[in-house]
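So the structure is just underneath, and the comments pick up after that.
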Protein chains: 2
Amino acid sequence: MSLLPKRKRYDCAPGCPVEATLDLIGGKWKGVILYHLLDETIRFNTLSRRLGSITQRMLAKQLRELEAAGLIRRVVFAEVPPRVEYSLSPDGESLRPVILALKAWGETRLAMLSQQAAE
Amino acid sequence: MSLLPKRKRYDCAPGCPVEATLDLIGGKWKGVILYHLLDETIRFNTLSRRLGSITQRMLAKQLRELEAAGLIRRVVFAEVPPRVEYSLSPDGESLRPVILALKAWGETRLAMLSQQAAE
DNA sequence: CAGTATCCACCTAGATACTG
DNA sequence: CAGTATCTAGGTGGATACTG
(Lines give C-alpha, C1' and ligand atoms only; values in the text may rest on other atoms or scores of the structure.)
Protein backbone atom coordinates (compact mmCIF):
# COMPACT_ATOMS: atom_id res chain seq x y z
CA MET A 1 0.00 0.00 0.00
CA SER A 2 1.25 3.43 -0.87
CA LEU A 3 1.41 6.31 1.56
CA LEU A 4 0.86 8.72 -1.28
CA PRO A 5 -2.44 10.57 -1.15
CA LYS A 6 -4.58 8.99 -3.85
CA ARG A 7 -5.78 12.23 -5.33
CA LYS A 8 -2.25 13.37 -6.24
CA ARG A 9 -0.57 12.19 -9.40
CA TYR A 10 2.88 13.73 -9.11
CA ASP A 11 3.07 13.79 -12.87
CA CYS A 12 4.74 17.15 -13.25
CA ALA A 13 8.20 15.68 -13.72
CA PRO A 14 10.80 16.74 -12.90
CA GLY A 15 9.31 18.95 -10.18
CA CYS A 16 7.59 16.12 -8.39
CA PRO A 17 10.05 15.37 -5.60
CA VAL A 18 9.90 18.97 -4.45
CA GLU A 19 6.13 18.90 -4.47
CA ALA A 20 6.02 15.56 -2.69
CA THR A 21 8.18 16.87 0.13
CA LEU A 22 6.26 20.12 0.43
CA ASP A 23 3.06 18.12 0.62
CA LEU A 24 4.32 16.47 3.78
CA ILE A 25 6.00 19.32 5.62
CA GLY A 26 4.17 22.29 4.15
CA GLY A 27 1.17 23.97 5.66
CA LYS A 28 1.29 26.25 8.62
CA TRP A 29 2.40 23.87 11.34
CA LYS A 30 4.04 20.64 10.23
CA GLY A 31 7.49 22.01 9.52
CA VAL A 32 7.57 23.79 12.84
CA ILE A 33 6.36 20.73 14.73
CA LEU A 34 9.08 18.61 13.14
CA TYR A 35 11.60 21.27 13.99
CA HIS A 36 10.67 21.17 17.64
CA LEU A 37 10.92 17.38 17.65
CA LEU A 38 14.40 17.44 16.12
CA ASP A 39 16.20 17.15 19.42
CA GLU A 40 13.59 16.06 21.93
CA THR A 41 10.66 13.86 22.68
CA ILE A 42 7.82 16.19 23.60
CA ARG A 43 4.40 15.81 25.20
CA PHE A 44 1.20 17.14 23.73
CA ASN A 45 0.68 20.11 26.02
CA THR A 46 4.34 21.07 25.97
CA LEU A 47 4.29 21.13 22.20
CA SER A 48 1.11 23.18 22.36
CA ARG A 49 2.79 25.78 24.58
CA ARG A 50 5.91 25.94 22.42
CA LEU A 51 3.92 26.57 19.28
CA GLY A 52 2.13 29.37 21.03
CA SER A 53 -0.98 30.05 19.06
CA ILE A 54 -2.02 26.63 17.81
CA THR A 55 -5.33 25.23 18.99
CA GLN A 56 -5.59 21.76 20.49
CA ARG A 57 -7.73 20.68 17.60
CA MET A 58 -5.17 21.74 15.02
CA LEU A 59 -2.26 20.27 16.94
CA ALA A 60 -4.02 16.93 17.26
CA LYS A 61 -4.85 16.98 13.56
CA GLN A 62 -1.31 17.83 12.43
CA LEU A 63 0.17 15.17 14.71
CA ARG A 64 -2.20 12.52 13.32
CA GLU A 65 -1.20 13.45 9.79
CA LEU A 66 2.52 13.39 10.54
CA GLU A 67 2.03 10.02 12.21
CA ALA A 68 0.08 8.68 9.23
CA ALA A 69 2.91 9.81 6.95
CA GLY A 70 5.31 7.84 9.12
CA LEU A 71 7.33 10.86 10.16
CA ILE A 72 6.66 10.84 13.88
CA ARG A 73 6.02 8.31 16.62
CA ARG A 74 3.30 8.53 19.23
CA VAL A 75 3.81 6.70 22.49
CA VAL A 76 1.00 6.49 25.02
CA PHE A 77 1.82 5.76 28.65
CA ALA A 78 -0.85 4.01 30.68
CA GLU A 79 -0.77 6.47 33.54
CA VAL A 80 -3.04 8.85 35.38
CA PRO A 81 -2.87 11.62 34.40
CA PRO A 82 -2.29 10.37 30.83
CA ARG A 83 1.01 10.97 29.13
CA VAL A 84 1.64 10.91 25.40
CA GLU A 85 5.04 11.52 23.93
CA TYR A 86 5.85 12.47 20.38
CA SER A 87 9.18 11.96 18.70
CA LEU A 88 10.66 11.64 15.24
CA SER A 89 10.54 8.25 13.55
CA PRO A 90 13.59 7.16 11.52
CA ASP A 91 11.85 8.58 8.43
CA GLY A 92 11.27 11.83 10.27
CA GLU A 93 14.91 11.81 11.34
CA SER A 94 15.89 11.69 7.69
CA LEU A 95 14.21 15.06 7.26
CA ARG A 96 16.69 16.71 9.60
CA PRO A 97 18.88 18.24 6.87
CA VAL A 98 15.79 19.56 5.13
CA ILE A 99 14.39 21.19 8.26
CA LEU A 100 17.78 22.62 9.11
CA ALA A 101 18.09 24.06 5.61
CA LEU A 102 14.69 25.75 6.02
CA LYS A 103 15.78 27.07 9.39
CA ALA A 104 19.13 28.37 8.21
CA TRP A 105 17.62 30.20 5.26
CA GLY A 106 14.81 31.63 7.39
CA GLU A 107 17.27 32.94 9.96
CA THR A 108 19.32 34.69 7.34
CA ARG A 109 16.24 36.19 5.76
CA LEU A 110 14.70 37.37 9.02
CA ALA A 111 18.00 38.95 9.97
CA MET A 112 18.18 40.64 6.58
CA LEU A 113 14.68 41.99 6.89
CA SER A 114 15.12 43.41 10.36
CA GLN A 115 18.36 44.94 9.13
CA GLN A 116 16.51 46.66 6.30
CA ALA A 117 13.75 47.77 8.66
CA ALA A 118 16.35 49.46 10.85
CA GLU A 119 17.79 51.52 8.00
CA MET B 1 9.42 48.71 5.18
CA SER B 2 9.30 45.07 6.01
CA LEU B 3 8.43 42.36 3.56
CA LEU B 4 6.91 40.32 6.36
CA PRO B 5 3.17 39.81 6.05
CA LYS B 6 1.62 42.09 8.67
CA ARG B 7 -0.77 39.51 10.03
CA LYS B 8 2.01 37.13 11.06
CA ARG B 9 3.90 37.58 14.28
CA TYR B 10 6.58 34.90 14.09
CA ASP B 11 6.55 34.79 17.86
CA CYS B 12 6.86 31.05 18.26
CA ALA B 13 10.59 31.19 18.86
CA PRO B 14 12.67 29.26 18.15
CA GLY B 15 10.55 27.71 15.39
CA CYS B 16 10.08 30.97 13.54
CA PRO B 17 12.76 30.71 10.85
CA VAL B 18 11.28 27.44 9.67
CA GLU B 19 7.81 28.94 9.55
CA ALA B 20 9.08 32.05 7.79
CA THR B 21 10.68 29.99 5.05
CA LEU B 22 7.69 27.73 4.64
CA ASP B 23 5.50 30.81 4.35
CA LEU B 24 7.43 31.81 1.26
CA ILE B 25 7.99 28.53 -0.52
CA GLY B 26 5.11 26.47 0.87
CA GLY B 27 1.77 26.00 -0.77
CA LYS B 28 1.15 23.84 -3.75
CA TRP B 29 3.16 25.63 -6.41
CA LYS B 30 5.86 28.01 -5.21
CA GLY B 31 8.50 25.44 -4.39
CA VAL B 32 8.02 23.72 -7.72
CA ILE B 33 8.14 27.01 -9.63
CA LEU B 34 11.39 27.96 -7.93
CA TYR B 35 12.74 24.53 -8.71
CA HIS B 36 12.07 24.96 -12.40
CA LEU B 37 13.73 28.36 -12.37
CA LEU B 38 16.86 27.01 -10.71
CA ASP B 39 18.77 26.59 -13.94
CA GLU B 40 16.87 28.58 -16.53
CA THR B 41 15.00 31.72 -17.36
CA ILE B 42 11.52 30.64 -18.39
CA ARG B 43 8.56 32.29 -20.10
CA PHE B 44 5.03 32.29 -18.77
CA ASN B 45 3.53 29.73 -21.10
CA THR B 46 6.54 27.45 -20.94
CA LEU B 47 6.33 27.43 -17.17
CA SER B 48 2.65 26.73 -17.48
CA ARG B 49 3.27 23.69 -19.67
CA ARG B 50 6.03 22.37 -17.42
CA LEU B 51 3.85 22.53 -14.34
CA GLY B 52 1.20 20.64 -16.21
CA SER B 53 -1.99 21.15 -14.30
CA ILE B 54 -1.69 24.72 -13.03
CA THR B 55 -4.22 27.27 -14.30
CA GLN B 56 -3.10 30.56 -15.77
CA ARG B 57 -4.78 32.37 -12.95
CA MET B 58 -2.87 30.42 -10.30
CA LEU B 59 0.43 30.68 -12.11
CA ALA B 60 0.07 34.45 -12.45
CA LYS B 61 -0.83 34.75 -8.78
CA GLN B 62 2.07 32.62 -7.55
CA LEU B 63 4.51 34.51 -9.77
CA ARG B 64 3.27 37.84 -8.42
CA GLU B 65 3.75 36.65 -4.87
CA LEU B 66 7.22 35.30 -5.51
CA GLU B 67 8.11 38.57 -7.16
CA ALA B 68 6.70 40.59 -4.25
CA ALA B 69 8.80 38.48 -1.88
CA GLY B 70 11.85 39.40 -3.95
CA LEU B 71 12.61 35.81 -4.93
CA ILE B 72 12.13 36.07 -8.68
CA ARG B 73 12.59 38.65 -11.40
CA ARG B 74 10.08 39.46 -14.08
CA VAL B 75 11.35 40.94 -17.32
CA VAL B 76 8.91 42.22 -19.94
CA PHE B 77 10.07 42.58 -23.54
CA ALA B 78 8.34 45.21 -25.63
CA GLU B 79 7.56 42.92 -28.51
CA VAL B 80 4.62 41.56 -30.41
CA PRO B 81 3.68 38.93 -29.45
CA PRO B 82 4.58 39.83 -25.89
CA ARG B 83 7.36 38.04 -24.10
CA VAL B 84 7.84 37.87 -20.34
CA GLU B 85 10.71 36.03 -18.77
CA TYR B 86 10.98 34.85 -15.22
CA SER B 87 14.20 34.06 -13.42
CA LEU B 88 15.57 33.80 -9.90
CA SER B 89 16.68 36.98 -8.19
CA PRO B 90 19.83 36.83 -6.03
CA ASP B 91 17.58 36.20 -3.02
CA GLY B 92 15.88 33.40 -4.90
CA GLU B 93 19.28 32.04 -5.84
CA SER B 94 20.09 31.78 -2.16
CA LEU B 95 17.23 29.32 -1.82
CA ARG B 96 18.99 26.83 -4.08
CA PRO B 97 20.33 24.60 -1.31
CA VAL B 98 16.91 24.57 0.32
CA ILE B 99 15.11 23.56 -2.86
CA LEU B 100 17.74 20.94 -3.61
CA ALA B 101 17.32 19.53 -0.10
CA LEU B 102 13.57 19.26 -0.66
CA LYS B 103 14.19 17.60 -4.00
CA ALA B 104 16.74 15.11 -2.69
CA TRP B 105 14.54 14.03 0.18
CA GLY B 106 11.48 13.76 -2.04
CA GLU B 107 13.33 11.60 -4.51
CA THR B 108 14.45 9.22 -1.82
CA ARG B 109 10.98 9.00 -0.39
CA LEU B 110 9.24 8.47 -3.72
CA ALA B 111 11.74 5.74 -4.54
CA MET B 112 11.12 4.16 -1.16
CA LEU B 113 7.38 4.23 -1.59
CA SER B 114 7.41 2.70 -5.05
CA GLN B 115 9.77 0.06 -3.70
CA GLN B 116 7.28 -0.78 -0.96
CA ALA B 117 4.41 -0.79 -3.42
CA ALA B 118 6.26 -3.38 -5.50
CA GLU B 119 6.69 -5.78 -2.61
C1' DC C 1 -3.29 15.64 30.53
C1' DA C 2 -4.57 14.87 26.10
C1' DG C 3 -7.50 15.06 23.59
C1' DT C 4 -13.02 15.42 20.91
C1' DA C 5 -17.08 17.79 19.21
C1' DT C 6 -19.19 21.58 16.82
C1' DC C 7 -19.50 25.38 14.27
C1' DC C 8 -17.64 28.77 11.19
C1' DA C 9 -14.66 32.37 8.53
C1' DC C 10 -11.42 32.57 5.26
C1' DC C 11 -8.31 31.24 1.81
C1' DT C 12 -6.60 28.28 -1.75
C1' DA C 13 -7.08 26.67 -5.91
C1' DG C 14 -9.75 25.06 -9.91
C1' DA C 15 -13.07 25.94 -14.03
C1' DT C 16 -14.25 28.78 -17.46
C1' DA C 17 -14.36 32.74 -20.25
C1' DC C 18 -12.39 36.78 -22.01
C1' DT C 19 -8.51 40.49 -23.69
C1' DG C 20 -4.48 43.93 -24.90
C1' DC D 1 1.60 35.41 -25.63
C1' DA D 2 0.58 36.60 -21.25
C1' DG D 3 -2.28 37.52 -18.82
C1' DT D 4 -7.41 39.22 -16.17
C1' DA D 5 -12.34 38.50 -14.60
C1' DT D 6 -15.78 35.79 -12.32
C1' DC D 7 -17.57 32.23 -9.91
C1' DT D 8 -17.30 28.42 -6.87
C1' DA D 9 -16.08 23.99 -4.22
C1' DG D 10 -13.46 22.36 -0.82
C1' DG D 11 -9.99 22.58 2.48
C1' DT D 12 -7.41 24.92 6.23
C1' DG D 13 -7.38 26.61 10.34
C1' DG D 14 -9.58 29.18 14.30
C1' DA D 15 -13.09 29.67 18.52
C1' DT D 16 -15.27 27.57 21.99
C1' DA D 17 -16.91 24.04 24.85
C1' DC D 18 -16.62 19.58 26.66
C1' DT D 19 -14.47 14.71 28.40
C1' DG D 20 -12.10 9.96 29.66
Side-chain angles (χ1 to χ4, degrees), chain A residues 5-12 15 19 22-33 36-37 40-69 72-87, chain B residues 5-12 15 19 22-33 36-37 40-69 72-87:
Chain A
K6 275 74 190 171
R7 61 195 173 78
K8 289 283 176 56
R9 287 159 52 232
Y10 295 112
D11 56 355
C12 66
E19 187 179 356
L22 249 15
D23 257 8
L24 290 179
I25 69 171
K28 184 163 177 180
W29 300 110
K30 292 205 180 79
V32 185
I33 291 173
H36 280 277
L37 292 178
E40 314 172 67
T41 287
I42 314 187
R43 300 175 62 168
F44 186 90
N45 274 4
T46 308
L47 209 37
S48 179
R49 260 175 263 115
R50 298 234 183 133
L51 297 177
S53 58
I54 197 171
T55 61
Q56 286 181 312
R57 168 189 144 80
M58 277 310 297
L59 181 54
K61 186 165 174 270
Q62 302 302 309
L63 289 171
R64 295 294 165 277
E65 291 174 10
L66 287 170
E67 195 190 358
I72 65 172
R73 251 194 225 116
R74 179 173 180 266
V75 180
V76 182
F77 293 82
E79 303 174 0
V80 178
R83 180 156 59 110
V84 178
E85 291 189 344
Y86 294 93
S87 59
Chain B
K6 274 73 189 172
R7 61 197 171 78
K8 290 282 175 61
R9 288 159 52 229
Y10 296 110
D11 56 355
C12 64
E19 186 179 357
L22 249 14
D23 257 8
L24 292 179
I25 69 171
K28 183 164 179 179
W29 300 109
K30 294 205 180 81
V32 185
I33 292 173
H36 280 276
L37 292 178
E40 314 171 66
T41 287
I42 314 186
R43 299 175 64 169
F44 187 88
N45 274 2
T46 307
L47 209 37
S48 180
R49 260 174 264 115
R50 299 232 182 136
L51 297 178
S53 59
I54 195 170
T55 61
Q56 287 182 312
R57 168 189 143 81
M58 277 310 297
L59 181 54
K61 187 165 171 271
Q62 302 302 309
L63 289 170
R64 296 291 166 278
E65 291 173 11
L66 287 170
E67 194 189 0
I72 65 173
R73 253 195 222 114
R74 178 174 180 268
V75 180
V76 183
F77 293 81
E79 304 173 1
V80 177
R83 179 155 59 110
V84 179
E85 292 188 342
Y86 293 93
S87 59

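Naming: A, B, ... by sequence-line order, numbering from 1 per chain.
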Length of the [atom1]-[atom2] vector between [X] and [N], whole Å:
X: B/R49; N: D/dG3; atom1: CZ; atom2: P; value: 13 Å
X: B/R83; N: D/dC1; atom1: CZ; atom2: C1'; value: 11 Å
X: B/E67; N: D/dG3; atom1: CD; atom2: P; value: 9 Å
X: A/I42; N: C/dA2; atom1: CD1; atom2: P; value: 12 Å
X: A/L63; N: C/dT4; atom1: CG; atom2: P; value: 10 Å
X: B/D23; N: C/dT12; atom1: CG; atom2: P; value: 10 Å
X: B/R50; N: D/dA2; atom1: CZ; atom2: C1'; value: 17 Å
X: A/E65; N: D/dT12; atom1: CD; atom2: P; value: 7 Å

What's the shortest heavy-atom distance between [X] and [Y], and which atoms?
X: A/A69; Y: A/L24; answer: CB-CD2, 3.8 Å
X: A/Q56; Y: A/F44; answer: O-CZ, 3.8 Å
X: B/V32; Y: B/L51; answer: CG1-CD2, 3.6 Å
X: A/Y86; Y: A/L37; answer: O-CD2, 3.4 Å
X: A/S87; Y: A/T41; answer: CB-OG1, 3.4 Å
X: B/I25; Y: B/K30; answer: O-CB, 3.9 Å

Would you mind telling me which of B/I42, B/V76, B/L63 makes a side-chain contact (heavy atoms from CB on, under 4.5 Å) with B/V84? B/V76
Could you summarise the pairing of DNA chain D as dot-bracket text, marking Watson-Crick and G-U pairs under 3.5 Å with ( ) or [ ] inside the strand and | across strands? ||||||||||||||||||||
Distance check: side-chain N/O of B/R74 vs OP1/OP2 of D/dG3, anything under 4.0 Å? yes
Whether B/Y86 contacts D/dG3 is assessed here as follows: a side-chain N or O lying under 4.0 Å from the phosphate OP1 or OP2. Is that the case? yes
Of the listed nucleotides (D/dC1, D/dG3, C/dT4), which one gets closest to any side-chain atom of A/R64? C/dT4
Side chains of A/I33 and A/L59: does their closest heavy-atom pair fall under 4.5 Å? yes
Which salt bridge (Lys or Arg N to Asp or Glu O under 4.0 Å) pairs, counting each pair once, include a residue from residues 74-85 of chain A, with sequence neighbours left out? A/E79-A/R83, A/R83-A/E85
Under 4.0 Å protein heavy-atom contact, by nucleotide of nucleotides 13-20 of chain C - B base, S sugar-phosphate only: BBB----B
